[in-house]
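Structure record follows, encoded as structure tokens.
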Protein chains: 2
Amino acid sequence: MEKQTIATHDVDMHEEMRRAFAMLSGKWKLEIMWLLNQRVYRFNELRKAIPGITQHMLTAQLRDLEADGLVSRTIYAEVPPRVEYEMTEKARGLEPTMNALAAWWAEFGSSIPSRTTTRGRKASGQK
Amino acid sequence: MEKQTIATHDVDMHEEMRRAFAMLSGKWKLEIMWLLNQRVYRFNELRKAIPGITQHMLTAQLRDLEADGLVSRTIYAEVPPRVEYEMTEKARGLEPTMNALAAWWAEFGSSIPSRTTTRGRKASGQK
DNA sequence: CTGAATCCATTATGATACTG
DNA sequence: CAGTATCATAATGGATTCAG
């Protein structure tokens, strides 16, 4: 008897996916990947493109992504120094995912509450 | 001249997407949404399905998702009590995204380092 | 037995200053 | 420009306790 996909995905696939979720679960990783999915960015370009992020966090998240093989870091020995971040070949395969996410948001994003970013804020009259 | 999509996405779209990133950036949210995308889950079912998560975190993340209108919570007045978590109509639109993510991982997930979950762990001989 | 709340330790993230 | 260092705060992990 061969095992075949039943509904949408298999239960075992969940096991496999966990690593994928882990490497994308950082607070700014999705946004960073979204940007890098479009073009190559320099450190400060990313910093300016992501309003709330700090240098510390940007550095940390980029290193995480780099360690996971999703982002490559290229240092140019120039003055002033220049460091470019680019998606790796592996990460470029995420484009369909980014497109699907964008399509979803374009369709359902309009019907959204007000929540800012993190939890902790009172859910305003959430009963 | 009409403005048309140039590369993949527009810069302004990034602005719009930020809220989407925020509501999916929780540490376990992607995984929770992945599971709920397949079927309805009870609280403890989710807890068992997500190995590393604690009750505290599961509760918190579910409330976040609920507050963002991605998950609905249904309480059944039974004994023993039962609470089911289900994707909202809005969140169901995420299925293509989940599928794209799964397809990506199926293709590129094999070429992965060892990193466990978070940063901080030495990237085992990573230079 | 299910689900939530509390206390405390550890980690992640935010803010600012400083260096190559 | 591209980080690193340091400290403060928030988020998360772990165990226990509480409520229905």
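What you see is a predicted model; the values in this text were computed from it and never measured. Here is the naming used below: chain letters follow the sequence lines, and residue numbers restart at 1 for every chain.
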Exercise. How long is the line joining NE2 of A:His56 and P of C:dT11, in whole Å?
Worked result: 14 Å
Exercise. Taking atom CG of B:Leu35 and atom CG of B:Leu30, what is their separation to the nearest 0.5 Å?
Worked result: 11.0 Å
For this session: Nearest whole angstrom, please: distance from the P of C:dT2 to the CG of B:Leu62.
Result: 16 Å
Exercise. Does a side-chain heavy-atom distance below 4.5 Å link B:Thr54 with B:Thr59?
Worked result: no
Exercise. For D:dG3, does OP1 or OP2 lie under 4.0 Å from any side-chain N or O of A:Arg73?
Worked result: yes
For this session: Please answer: with hydrophobic residues joined when any side-chain heavy atoms are less than 4.5 Å apart, are A:Ile75 and A:Leu36 in the same cluster?
Result: yes
Exercise. What does B:Thr59 touch in the nucleic acid at a heavy-atom separation under 4.0 angstrom: a base, only the sugar-phosphate, or nothing?
Worked result: sugar-phosphate
For this session: Counting heavy atoms from C-beta on, name the nucleotide in C:dG3, D:dC1, C:dT13 closest to the side chain of A:Gln61.
Result: C:dT13
Exercise. Taking NZ, NE, NH1 and NH2 as the nitrogens, is one of them in A:Glu86 or A:Arg92 under 4.0 Å from a carboxylate oxygen of the other?
Worked result: yes
Problem set entry | Distance under 6.0 Å and angle within 45° of ring axis: A:Arg39 vs A:Tyr41 | yes
For this session: Look at the side chain of A:Pro81 and decide which nucleotide, out of D:dT12, D:dA2, C:dG3, has an atom nearest to it.
Result: D:dA2
Exercise. Within the structure shown, what part of the strands sits under 4.0 Å from A:Tyr85 by heavy-atom distance: base, sugar-phosphate, or nothing?
Worked result: sugar-phosphate
For this session: Would you kindly give the CZ-to-P distance between B:Arg63 and D:dT12, to the nearest whole Å?
Result: 14 Å
Problem set entry | D:dA11 phosphate, OP1 or OP2, under 4.0 Å from B:Trp28 side-chain N/O | no
Exercise. Salt bridge or not for B:Arg63 and B:Glu66, using N-O below 4.0 Å?
Worked result: no
For this session: Check the distance between C:dT2's P and B:Tyr41's OH and give it to me in whole angstrom.
Result: 16 Å
Exercise. Are the side chain of A:Gln38 and the backbone of A:Trp34 linked by a donor-acceptor contact shorter than 3.5 Å?
Worked result: yes
Exercise. What's the CD-C1' distance between B:Glu66 and C:dA4, to the nearest Å?
Worked result: 13 Å
Exercise. Between D:dA11 atom C1' and B:Leu58 atom CG, what is the distance in whole Å?
Worked result: 16 Å
Problem set entry | Residues within residues 45-55 of chain A bordering DNA chain C, heavy-atom distance below 4.0 Å | A:Thr54, A:Gln55
For this session: Indicate whether OP1 or OP2 belonging to C:dT11 is found under 4.0 Å from a side-chain N or O atom of B:Lys27.
Result: no
Exercise. Which nucleotide, C:dT2, D:dA2, D:dT12, lies nearest any side-chain atom of B:Met57?
Worked result: D:dT12
Seminar exercise, completed: Closest of D:dT12, D:dC1, C:dA4 to the A:Arg42 side chain is D:dC1
Problem set entry | Under 4.0 angstrom between A:Arg82 side-chain N/O and D:dA2 OP1 or OP2 | no
